[in-house]
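Along the sequence shown, residues are numbered consecutively beginning with 1. Order of listing sets the numbers, starting from 1, for every ligand and every atom in it.
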Amino acid sequence: MKLLIINGPNLNRLGERDPAIYGTMTLAELEQRIGARAAELGAETSYFQSNHEGVLVDWLQANGPSATGIVINPAALTTYGLSLRDCLLDMGVPTVEVHLSHIHAREPWRRESVIAPVCVAQVTGMGWRGYLAAVDYLVDITNKEGAA
Ligand code: DQA
């Protein structure tokens, strides 16, 4: 089982970026927690962050085909990242969209997601715990499908 953990623009600044909204955990610490949970569940993880949509698409095209699940925080690409959406659709891998903050309780434009319709779920407002919930879910549905 191989999960891809992908973070979009500005999430490299986690820990410093508006901690009241995004928390104080850095991206490295977040990835460490995700890795620990995934390891407990017997899943491998690969991590990628970029501030550039095309770079995210290139990485996904290279790594998506061998993955069993994708956890993605598309950040500001959520509202207009159509090439990212098309790429996720093309990969055909169960994907969970995660947002640290509760996007439905913020500015109206943040609620629009072109990514969510190509995902199996959206997790929003649970902070760093949302990534762990996404990992739990993807491992669980992968195991169940494998057993069916
Ligand atoms: C975010 C929410 C987005 O609206 C914002 O552009 C981000 C982070 C979140 O994790 O809460 O960069 O995806």
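Between H99 and ligand 1, at least one N/O pair is under 3.5 Å apart. Considering backbone and side-chain N/O of R110, one or more are found under 3.5 Å from N/O of ligand 1. Of the polar atoms of L100, at least one N or O is found under 3.5 Å from an N or O of ligand 1, judged by distance alone.
For T78, the heavy-atom gap to ligand 1 stays at 4.0 angstrom or more.
Here the side chain of E53 pairs a donor or acceptor atom with the backbone of S83 at under 3.5 angstrom. Although no hydrogens or angles enter the test, the distance criterion places no donor-acceptor pair under 3.5 Å between the side chain of S50 and the main chain of V55.
Using modelled atom types and a 3.5 Å distance limit, the side chains of T79 and E112 yield no donor-acceptor pair. For the residue pair S101 and R106, a side-chain donor N or O sits within less than 3.5 Å of a side-chain acceptor on the partner. Side chains of Q61 and N63: no donor on one and acceptor on the other come within 3.5 Å.
Nearest non-hydrogen protein atom to atom 11 (O) of ligand 1 is S101 OG, 2.6 Å. Closest protein heavy atom to atom 8 (C) of ligand 1: Y22 CE2, 3.5 Å.
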Steps toward side-chain hydrogen bond (donor to acceptor under 3.5 Å, both in side chains) verdict (Y131, N7): CA-CA 11 Å; Y131 289 81; N7 281 288; 2.6 Å; yes
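Residue I21 does not touch ligand 1, judged by heavy-atom distances below 4.0 Å.
Atoms of ligand 1 found under 4.0 Å from any heavy atom of R17, numbered from 1 in the order shown, are 7 (C), 12 (O). Of all atoms in ligand 1, listed by their number and element, those nearer than 4.0 Å to a heavy atom of I103 are 2 (C). Set against the non-hydrogen atoms of A76, the atoms of ligand 1 under 4.0 Å away are 6 (O), 12 (O).
When hydrophobic clusters are built by joining Ile, Leu, Val, Met, Phe, Trp and Tyr residues whose side-chain heavy atoms come closer than 4.5 Å, directly or via intermediates, L138 is not grouped with I6.
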